[in-house]
Structure formats: structure tokens, C-alpha cells
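Here is the structure we will look at.
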Amino acid sequence: MLGLLGFYDELDDRPDRPNGSLRDAVQPAGEPDEAELVAYLDAGHILIDVMEGGHDALTGDAHRHSLGCSSPVTDGTWLWRLDFPHYVETHHVLLPEAFVEHVRGLNHQMPVLVTARFAPHCNETLPLIGWASAVPWRSTEAVLDPEPRAVTGKAEFDTAILAQERSRPHGNWAKPRKPRRG
């Protein structure tokens, strides 16, 4: 079975999620190499691309992983939600020591995904996170190298949101205006 990260009660409408309460996982500070851990999580293999939007479960704010937030992501050993790096970066959620040691042992580099070794673990883990109907992975000898993806950093995302808010016209938009007659 794969290790599970970021499947918190507040992120799903089903009770008793594998990682418990998000609020209980929040820490005042993160690991000394938190930026590298976040980059590692950002580089994971997306298993199922979920078309949805979400917000930070604690603040209600949009964040850089709002689109597709519950998409399952893996490194072949651990499984997490696409938005999990946001919670590590923003709220310094507690990471299991085994995960931190695993990532440090890989020098923060995402490994290739060998389907034959990964598939059985994935098939037994997906039902635990609500993906019982997902198509089972085929046990082939395929190797999936992580494809580089552009990932917006938190600072870049926050700056873009601020610029967007500043460019909105001010005023009361409760009632739409009638067009002027010429």
C-alpha cells in the first residue's frame, strides 16, 4: 500500500479521512528544507486529472493548486492530493518522518515510476481515498519519467491575484446597468 498524505477531513465530505484533521496538522513552522519538499510534491506524477476547483479549507482563499485540487499524485511510494503542497507551504502541515526521510534520501528528486512495481500498490490504495471505481493500473514494464510542468509559486500566484483585484472596476455591481440609448 502507498503512504497517504493530505487526505484530511476538511477536504472531503466523507468522515474519517486517512490523515485526520487538517487543523490538527498545522504547525507554526515547517521543516528546514520545506521549499525543497514542496518542489518535490509539485513534481509528482498525476494519476487522475480531476476537473474541479477548490479553495483553502482553512482560509477560504483561492490558491495556486485550486484547479484540480483533489487530483491524486504519487512518487510511487506515497500518494497525495494535488493541493497538498499548498498546505505544506502555507500552513506548514506536519509531514510524516518516513516521508521526509524518503524525500531526503532521494535528494529531493522525483523518481521515475515503474508501473509493474507501482500498480499493485496503487490498486489497493485508491479505494481508501474514494477512488474505488478508478480503472486499475495494468502491470506492465512501462516506466514513466516525470514530465516537467510549469508550477506557479505562491508568491507569483499571490501577485497575480492582487493585480487582478486592483484592475476590477469599483462600484456597486448588485444591479446591472441598462444600456444607454444612442
Side-chain angles (χ1 to χ4, degrees), residues 1-12 17-50 54 56-59 63-131 137 139 141-158:
M1 182 165 9
L2 302 172
L4 297 173
L5 301 167
F7 295 96
Y8 297 112
D9 294 338
E10 293 86 348
L11 303 179
D12 200 335
R17 301 310 304 152
N19 299 118
S21 172
L22 172 59
R23 284 175 175 74
D24 294 343
V26 172
Q27 304 293 306
E31 295 286 334
D33 57 346
E34 182 175 84
E36 291 86 359
L37 293 166
V38 168
Y40 179 87
L41 291 165
D42 281 336
H45 304 276
I46 296 177
L47 297 179
I48 302 166
D49 201 0
V50 178
D56 184 303
L58 298 177
T59 66
H63 55 81
R64 65 189 182 97
H65 293 301
S66 288
L67 297 177
C69 57
S70 68
S71 299
V73 180
T74 191
D75 64 357
T77 304
W78 293 86
L79 184 71
W80 58 91
R81 291 170 46 108
L82 182 67
D83 61 355
F84 185 60
H86 162 74
Y87 293 101
V88 174
E89 179 178 51
T90 305
H91 302 293
H92 316 293
V93 295
L94 182 64
L95 296 168
E97 190 58 38
F99 171 75
V100 174
E101 288 174 13
H102 168 73
V103 175
R104 288 176 181 157
L106 293 168
N107 294 319
H108 302 93
Q109 298 298 309
M110 182 58 57
V112 296
L113 191 61
V114 178
T115 308
R117 289 193 305 246
F118 166 71
H121 303 296
C122 180
N123 291 339
E124 68 182 2
T125 306
L126 285 177
L128 298 176
I129 61 166
W131 287 95
W137 282 79
S139 293
E141 292 302 318
V143 175
L144 302 177
D145 286 312
E147 293 181 22
R149 335 189 274 270
V151 178
T152 305
K154 182 178 179 345
E156 295 166 320
F157 178 82
D158 290 344

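We number each residue from 1, following the sequence as shown. Basis for what follows: all heavy atoms, side chains included, without hydrogens, waters or symmetry-related copies.
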Quiz item: Where do Glu10 and Leu22 come nearest, in terms of heavy atoms and distance?
Solution: OE1-N, 2.6 Å

Quiz item: What is the minimum heavy-atom distance between Arg23 and Leu58, and which atoms define it?
Solution: CG-CD2, 3.5 Å

Exercise. For Leu94 and Tyr8, work out which heavy atoms get closest and say how close.
Key: O-OH, 4.4 Å

Practice problem: Among Thr74, Asp75, Thr77, find the residue that satisfies the side chain to side chain contact (heavy atoms under 4.5 Å, CB included) test when tested with Leu113. | Solution: Thr74

Quiz prompt | Check against side chain to side chain contact (heavy atoms under 4.5 Å, CB included), Leu5 and Val88 | solution = CA-CA 10 Å; Leu5 301 167; Val88 174; over 6 Å; no

Exercise. Identify the heavy atoms of Arg104 and Pro32 that sit nearest to each other, and give their distance.
Key: NH2-CD, 4.1 Å

Quiz prompt | Validation row: Leu106, Pro111 side chains within 4.5 angstrom (heavy atoms) | solution = yes

Quiz item: Mind checking whether Tyr40 and Trp80 have parallel, tilted or perpendicular rings, split at 30° and 60°?
Solution: tilted

Quiz prompt | Minimum-distance pair of heavy atoms, taken over all atoms of Tyr87 and Leu11 | solution = OH-CD2, 3.5 Å

Quiz prompt | Minimal non-hydrogen separation, His121 against Leu2, with atom names | solution = CB-CD2, 3.8 Å

Quiz item: Among Thr90, Val73, Leu41, which residue meets the side chain to side chain contact (heavy atoms under 4.5 Å, CB included) test with Pro85?
Solution: Leu41

Self-check item: SG-CG distance between Cys69 and Asp83, expressed to the nearest 0.5 angstrom
Solution: 5.0 Å

Quiz item: Is there side-chain contact between Glu36 and Glu31, with at least one heavy-atom pair below 4.5 Å?
Solution: no

Self-check item: Residue pair His92 / Pro28, side-chain heavy-atom distance below 4.5 Å
Solution: no

Quiz prompt | Pairwise side-chain contact, Thr59 with His91, heavy-atom cut-off 4.5 Å (strictly under) | solution = yes

